[in-house]
> 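This is the structure I have questions about; it appears just below.
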Amino acid sequence: MARQLAPGDVIGGFRLDEKFHHGGLGTLWKVSRADIAAPLLMKLPFLLPGEDPLAIVSYETEQMILPRLSGDHVPKFVAAGDFDGPYLVMELIAGRSLLGRLEQLPLSAGEVADLGARIADALEDLHRQRVVHLDLKPSNVMIRDDDGEAVLLDFGLSRHLDLPDLPAEELEGPIGTGVYIAPEQLLGSRSDRRSDLYALGVLMYFFATGTRPFGEPRTVGQWRKRLTRAPAPPRRLKPDLPPWLQEIILHCLEVDPRERYQSAAHLAFDLRHPDLVALTARAERTAAGGILSALFGWLRQARSRVSIAPEPVAVAEAAPIVVAAVDLGEEDEALQKALIAAVERLAAGEPGARIACVNVLKLARLALDETEDAEGRNLHLARLAALKHWAAPLRRLPNTVTYHVIEALDPAAALIEFAERNHVRHLVTGARASSKMRRYMGSVSAKVVAEAPCSVTVVRV
């Protein structure tokens, strides 16, 4: 493929309209075709003799993976050429790259948490499609103009668990970007979704402090220092950073992937519910660690094949979020016990699951909403206390339990939105006794069963 291209040239039926970027591995062009109204982007890799072999491998990899992806968090695939005329055409995202935010760093804690949650949503969607990105960084993330959703770009170094891993087969040494690469990637592991959570931790650290946690390493030897040395805690660089955000960031940056968040959904959940984040010693850490910490790191590196790079974890099979939708007005004690028992059975098979106990405080459509009960107690806080009392039997489980009171006009819609927003795997609710009103209007559980984006169990007695 010759590099001397100009607007007006036609490749594969697509007209080159405007050059966007000329990089070391190829060029990006805005293109058009008469039968496609949507704006399009074409990638043209450099495949001339003597070019960087990474250009060839990354092109092959993205050409395999992108057509298999779907959803709002990735560009829509349009077309691809072969090696006689290699190109890749996809949706042109109307949005802003995170690269454009670098001049504004550091961002506020709220902005970092919001961006982190949006990116975690995108990663969760990607991981459910059995793909690990493995090269998450600001230049590979865009925020859509229309809805603010994060879009992940550039799957040239990614791993699809159902396809050959061409980068691992054809390239030597660690594969990734030195600033963001996870410890297990340095050791040859490319199948663990938690590698993307590590990279997101690096990104949030950078956006929160304006400083990269490991500097800008240029060599593999410099990359490997993260196997033995922890970065300076973010609050040491930015003392006004809230403890909950340091807790989340350092939780992502644990060297051993088993000590990190186990799913992007869990990470997004914590970023959206900072008041529910369980603070540990990570939250108050002020030093990176001394000689003793480094010694433990060296020992860990010496046995790294065991402690840092365990067997690959299957994508989207662990660490789900299970919702118990609780009607606190239900007086049927047998039904409440059955609901608790159903949640316990689900949790027994998912020891890493988070149990979210949810109650909807229904608002009035016409009358003014009361904020206090007859005794002057805040209704929201009273519901929250009642919800925690209901869930007391669940606290003996090893699972994390959180509590949520949602104020909404439509309880069913509120539960469905909660399930969508938090990537809930399973929702459990009770079926109240039949009545003429329910037969006429329809029950909450029926609507949830019909529209929820997850498995739903309706418990009956």
Side-chain angles (χ1 to χ4, degrees), residues 105-117 119-120 136 178-186 192 194-217 222-264 266-304 307-308 319 352 354 398 400 402:
L105 302 186
L107 303 183
S108 68
E111 289 180 288
V112 173
D114 180 63
L115 278 175
I119 297 169
L136 185 70
V179 172
Y180 297 92
I181 194 168
E184 60 274 12
Q185 288 176 260
L186 295 173
D192 198 325
R194 296 168 299 190
S195 300
D196 288 340
L197 305 189
Y198 185 93
L200 181 49
V202 174
L203 189 149
M204 288 192 293
Y205 184 114
F206 183 28
F207 275 51
T209 66
T211 302
R212 294 176 175 85
F214 303 103
E216 298 189 39
Q222 292 172 338
W223 294 5
R224 292 180 69 90
K225 289 181 180 179
R226 71 198 60 196
L227 294 173
T228 59
R229 300 179 187 176
R235 296 184 68 206
R236 184 176 179 181
L237 304 174
K238 198 165 185 282
D240 61 341
L241 195 77
W244 60 264
L245 186 52
Q246 174 161 301
E247 173 72 36
I248 291 173
I249 291 173
L250 294 184
H251 195 175
C252 293
L253 294 180
E254 291 286 354
V255 175
D256 190 330
R258 292 169 296 187
E259 296 177 4
R260 292 178 212 148
Y261 283 95
Q262 297 303 291
S263 74
H266 277 203
L267 174 55
F269 190 97
D270 274 4
L271 287 166
R272 291 196 171 101
H273 302 91
D275 54 320
L276 300 176
V277 175
L279 302 183
T280 70
R282 284 186 289 247
E284 300 300 330
R285 195 176 299 164
T286 59
I291 296 177
L292 187 60
S293 175
L295 176 60
F296 279 123
W298 290 322
L299 292 174
R300 185 194 295 119
Q301 184 175 356
R303 54 188 180 89
S304 58
S307 65
I308 299 178
R354 178 196 297 272
T400 299
T402 56

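Atoms considered below: every heavy atom in the structure, side chains included; atoms not considered: hydrogens, waters and symmetry mates.
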> Begin from the C-alpha positions of F269 and T402 and carry the test side chain to side chain contact (heavy atoms under 4.5 Å, CB included) through to its verdict.
CA-CA 10 Å; F269 190 97; T402 56; 3.6 Å; yes
> May I have the step-by-step check of side chain to side chain contact (heavy atoms under 4.5 Å, CB included) for Y180 and L136, ending in yes or no?
CA-CA 7 Å; Y180 297 92; L136 185 70; over 6 Å; no
> Under 3.5 Å, is there a donor-acceptor pair between the side chain of Q262 and the main chain of P257?
yes
> Salt bridge or not for E259 and R282, using N-O below 4.0 Å?
no
> Mind listing the closest non-hydrogen atom pair of A264 and A120 along with its distance?
CB-O, 3.3 Å
> What pair of heavy atoms forms the shortest contact from T209 to P106, and how long is it?
C-CB, 3.7 Å
> Indicate the atoms forming the closest heavy-atom contact of L241 with A208, along with that distance.
CD1-CB, 3.9 Å
> Quick one: closest heavy-atom pair of T286 and P233, and the distance?
C-CG, 3.6 Å
> Working to the nearest 0.5 angstrom, can you tell me the gap between Q246 CD and L237 CG?
9.5 Å
> Determine, for D270 against R354, whether the closest basic-nitrogen to carboxylate-oxygen distance falls under 4.0 angstrom.
yes
> Is there a side chain to side chain contact (heavy atoms under 4.5 Å, CB included) between K225 and F214? Walk through the geometry before answering.
CA-CA 8 Å; K225 289 181 180 179; F214 303 103; over 6 Å; no
> Rounded to the nearest 0.5 Å, what separation is found between the CG atom of L203 and the CZ atom of R212?
10.0 Å
> Could you give the distance from CG (L107) to CE (M204), rounded to the nearest 0.5 Å?
12.5 Å
> Sub-3.5 Å donor-acceptor pair from the side chain of E284 to the main-chain atoms of P243, do we have one?
no
> Could you tell me the separation between the OG1 atom of T211 and the NZ atom of K238, rounded to the nearest 0.5 Å?
11.0 Å
> Please check this pair: side chain of R226 against backbone of I181, looking for a donor-acceptor N/O pair closer than 3.5 Å.
yes
> In Å, rounded to the nearest 0.5 Å, how long is the span from CD1 of I248 to NE2 of H266?
13.0 Å
> For I249 versus P234, what's the shortest heavy-atom pair and its separation?
CG2-CG, 4.2 Å
> Kindly compute the distance separating CG (L267) from CZ (R194), expressed to the nearest 0.5 Å.
14.0 Å
> Looking at E184 and S195, what are the two nearest heavy atoms and their distance?
OE2-OG, 2.7 Å
